[in-house]
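Down below is the structure, laid out as structure tokens.
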Protein chains: 2
Amino acid sequence: MTDVRALLLDQKLALTPSEERIAQILLADYPTSGLGTASNLAKKAGVSDATVVRLAVKLGFDGFPDLQKRLLSEVEARLQSPLLMMETKRSNVAAQGIAESYLHAVSETIDKTISATPANTYDKVARIVMEAKGRVSLVGGRFSRHIAGMLAGYLSQFRANVHDIGTLAAPSFDILVDYGKRDVLIAFDYRRYQNDVVAFASQAAERGATVVLFTDQWLSPIAEHAEVTIICPLEVPSPYDTLAPAVAQIEALVAQILSSLDDTTRRRVENLESIRARNAVTVDVEDSSGSSPQPGPKRKKGITADA
Amino acid sequence: MTDVRALLLDQKLALTPSEERIAQILLADYPTSGLGTASNLAKKAGVSDATVVRLAVKLGFDGFPDLQKRLLSEVEARLQSPLLMMETKRSNVAAQGIAESYLHAVSETIDKTISATPANTYDKVARIVMEAKGRVSLVGGRFSRHIAGMLAGYLSQFRANVHDIGTLAAPSFDILVDYGKRDVLIAFDYRRYQNDVVAFASQAAERGATVVLFTDQWLSPIAEHAEVTIICPLEVPSPYDTLAPAVAQIEALVAQILSSLDDTTRRRVENLESIRARNAVTVDVEDSSGSSPQPGPKRKKGITADA
DNA sequence: CGATTTTCGAAAGAAATATTTCAGACCTGT
DNA sequence: ACAGGTCTGAAATATTTCTTTCGAAAATCG
């Protein structure tokens with residue numbers, strides 16, 4: 001019995017854009033989001049009820065209730081799992097330091113991230129970014145703008161006309177006037193969603209720009225206007241959410257782009273590297289110890305946390 | 001929020017014989033048997049639909065759908081369990097797209113990170129940062145400066161006098177003149193190490209500042225001058241390294257700091273929050289759907305310029 | 001043993017959910 | 001620019017699911 005997740009990820013089915021939105025929501029927190037009503041799911045995905053039903057049929061079910069029945073049996077199977085039984089008893093993993101258990105949580109969240117986004121989403125974004133004829137701008141909230149900055153750093157190696165907007169201020173909105181169909185805006189907006197970012201992205205979309213959104217499973221309001229939405233779970237047992245999975249996602253996007261570079265672009269990257277080398281911006285520490293990845297720089301002072 | 005199981009076991013409610021049959025079925029394989037339709041449950045218990053509804057009301061719900069919603073959220077909570085996530089991960093190892101396998105690699109790297117740093121290191125850094133009498137500055141390289149920025153964002157919630165240096169330029173070096181024993185410099189330097197960052201950190205150390213270094217396992221030259229060095233493995237099968245573990249580390253540090261806040265600082269954080277709330281910087285999307293964590297923004301290609 | 005109360009299911013009615021239809025929007029290739 | 005195609009949401013329809021009503025059976029009590 002194939003599980004519904006596999007069906008959703010099956011490339012052969014060639015889901016339509018609306019259908020993919022549904023798939024995305026479904027995968028983002030699988031499978032609970034499919035356990036409510038069809039309309040509810042439709043609303044979450046921002047599509048009509050009809051489309052949800054059509055997807056169910058396309059996947060080979062008799063209708064939505066049929067799909068749901070399958071989902072339910074999957075849930076049941078998982079709840080029956082011996083692992084869970086074990087865990088119910090043994091309350092929590094051994095009491096470690098705060099930092100350590102935090103890192104464990106992050107690792108789990110990243111695992112969740114993997115299954116939360118269909119494979120071809122990255123590909124789609126990669127294409128949008130690399131094929132954009134106009135400008136590619138990046139914007140983010142109080143913390144996420146740093147992620148925007150990182151991605152901007154990578155992207156500007158691959159193409160010209162990349163613009164990191166940085167902190168949004170009143171004058172930032174002026175640049176909206178130049179936005180048009182050929183431009184792309186990559187927005188980062190994780191809860192709690194920031195009014196200025198939402199407003200900015202909305203208006204960019206209004207002017208015809210293609211909006212790519214990175215957000216969490218609760219979906220920033222920007223999702224309404226986004227061409228592609230990349231969802232990232234980032235909840236951890238801490239007052240603040242973790243952005244590490246989001247970083248991993250943009251890096252995955254970069255890996256995706258790298259794998260499909262054409263020759264022109266590849267030359268661009270090489271040129272950049274050589275320019276940097278010529279200006280001695282970086283320094284390599286020579287690896288004295290043959291195969292082992294551990295060099296031996298002298299440690300003069302202080303502590304070195306080591307593997 | 002009491003769980004449904006507890007309600008069913010509650011003696012005070014004095015269930016009638018038919019109601020108890022339902023309760024029994026429900027508890028027998030909790031909670032999946034309650035996730036279908038009311039009639040289905042009734043049939044399994046050998047009672048009428050009406051009785052099922054009556055039970056739901058008796059338990060204090062508005063009706064069967066209401067009870068079901070609660071059941072659903074309980075399921076969701078259990079499915080979030082770490083161990084189950086691990087299981088999912090294992091079943092997913094099959095060959096995937098570039099982005100996906102990249103994420104897997106990152107996940108592994110983070111696991112490595114956990115064991116790469118002794119537990120008390122975070123604690124030590126937390127103390128250095130929070131007890132510093134002077135200024136806490138942050139500096140980083142071409143990519144890592146974004147991580148510095150993130151950490152600066154967090155830290156400035158906890159103490160005054162946090163300074164994110166941002167991109168290093170010639171004038172940046174001027175501020176070195178003010179560095180002294182009471183100051184702390186947090187430097188991020190992952191390979192390939194940047195000359196300017198190394199120079200800056202070295203001179204800060206020379207002037208007596210306490211240097212905390214985040215670097216990779218090959219150790220930035222700054223390590224020689226650092227009071228504490230936090231090492232992060234960040235190699236993945238890609239031309240670029242991953243910074244996700246580094247982000248996880250600074251967040252772990254924040255978690256550590258949070259756990260040991262004194263009252264003064266805690267009040268500072270609360271004040272910041274309320275100031276932000278009063279100025280309506282962020283927007284919460286209300287959760288329309290009880291059990292499920294998804295909001296339901298109505299999607300319309302029209303624009304809702306906000307705030 | 002009968003009167004009264006409680007419990008319960010069948011069936012009707014109400015509400016919700018799912019499905020189909022249809023027309024317009026949006027591509028795509030000529 | 002235009003024809004042919006696909007995709008999609010609104011609304012109408014069909015279906016299922018839930019709730020209420022009501023009378024009969026069972027239990028309880030005097």
Side-chain angles (χ1 to χ4, degrees), chain A residues 12-26 33-72 120 124 127-128 131 181-182 205 208 210 223-229, chain B residues 12-26 33-72 288-292 294 296-302:
Chain A
K12 286 194 290 293
L13 281 168
L15 300 186
T16 70
S18 295
E19 285 166 349
E20 268 188 73
R21 301 186 84 130
I22 302 169
Q24 208 165 21
I25 297 292
L26 224 35
S33 47
L35 259 34
T37 69
S39 318
N40 195 272
L41 177 59
K43 215 166 56 187
K44 276 187 237 168
V47 301
S48 68
D49 299 12
T51 307
V52 171
V53 174
R54 278 191 286 256
L55 175 62
V57 172
K58 195 167 185 175
L59 294 177
F61 298 95
D62 279 348
F64 183 76
D66 190 35
L67 179 154
Q68 199 170 51
K69 221 164 52 188
R70 173 76 128 278
L71 240 29
L72 245 145
N120 62 338
K124 203 181 305 171
R127 241 192 317 261
I128 289 175
E131 289 170 6
K181 286 221 180 305
R182 304 153 59 87
T210 304
E224 292 182 43
H225 314 296
E227 178 80 17
V228 184
T229 302
Chain B
K12 285 194 291 293
L13 282 166
L15 301 185
T16 70
S18 298
E19 285 166 350
E20 269 192 73
R21 299 184 68 169
I22 302 170
Q24 212 162 6
I25 296 292
L26 223 36
S33 47
L35 259 34
T37 70
S39 321
N40 192 275
L41 177 59
K43 213 167 58 194
K44 269 193 252 174
V47 301
S48 71
D49 300 10
T51 308
V52 171
V53 174
R54 277 191 285 259
L55 175 62
V57 173
K58 197 167 186 176
L59 293 178
F61 297 95
D62 278 349
F64 184 76
D66 190 35
L67 178 152
Q68 197 171 51
K69 220 159 58 180
R70 173 78 129 274
L71 239 28
L72 236 127
S288 61
S289 59
S291 75
S292 163
Q294 295 283 3
K298 30 196 171 301
R299 205 174 290 262
K300 194 80 210 208
K301 265 280 152 103

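Order of the sequence lines fixes the chain letters, A, B, ..., with proteins taken first and strands second; residue numbering starts at 1 for each chain. Only a predicted model underlies this, so the values are computations on that prediction, with no experimental measurement involved.
- Straight-line distance from the NZ atom of A:K43 to the C1' atom of D:dG9: 16 Å, rounded to whole Å.
- Rounded to whole Å, the distance from CD on B:E19 to C1' on C:dC8 is 10 Å.
- Distance A:E20 CD to D:dC7 C1': 13 Å, rounded to the nearest Å.
- Considering only side-chain N and O atoms, A:T51 lies under 4.0 angstrom from the phosphate OP1 or OP2 of D:dG9.
- One interatomic measurement links the two molecules: CG of A:D62 to C1' of D:dT16, which rounds to 15 Å at whole-angstrom precision.
- Set against D:dG9, C:dT19, C:dT7, the side chain of B:T16 has C:dT7 as its closest nucleotide.
- Ion pairing between A:K124 and A:E20 holds under the 4.0 Å rule for side-chain N and carboxylate O.
- B:A50 comes within contact range of at least one nucleobase, with a heavy-atom separation under 4.0 Å.
- Taking 4.0 angstrom as the limit, B:S48 places none of its side-chain polar atoms (N or O) nearer than this to OP1 or OP2 of C:dA10.
- When heavy atoms are screened at a 4.0 angstrom cut-off, A:V52 is found touching no nucleic acid atom at all.
- Protein atom CZ of B:R54 is 14 Å distant from nucleotide atom P of D:dC22, rounded to whole Å.
- Here the straight-line distance linking atom CD1 of A:I22 with atom OG1 of A:T51 works out to 5.5 Å at 0.5 Å rounding.
- OP1 and OP2 of C:dT17 both lie 4.0 Å or more from every side-chain N or O belonging to A:S39.
- Taking atom CZ of residue A:F61 and atom P of nucleotide C:dA18, one finds them 15 Å apart after rounding to whole Å.
- Rounding to the nearest 0.5 angstrom, the gap separating the CZ atom in B:R21 from the CG atom in B:L15 is 14.0 Å.
- For the pair B:L55/B:L59, a side-chain contact is recorded, criterion being any heavy-atom separation below 4.5 Å from C-beta on.
- Taking 4.0 Å as the cut-off between side-chain N and carboxylate O, A:R54 and A:E19 do not count as a salt-bridged pair.
- Considering only the side chain of A:P65, C:dA18 comes nearest among C:dT7, C:dA18, D:dC18.
- If you take CG of B:D49 and P of C:dG13, they are 17 Å apart, rounded to a whole angstrom.
- Atoms CZ (B:F64) and C1' (D:dT19) sit 13 Å apart, rounded to a whole Å.
- When the side-chain nitrogen and oxygen atoms of A:T37 are compared with OP1 and OP2 of C:dA16, none of them lie within a distance under 4.0 Å.
- With D:dG9, D:dC18, C:dA18 as the candidates, the nucleotide lying closest to the side chain of A:V47 is D:dG9.
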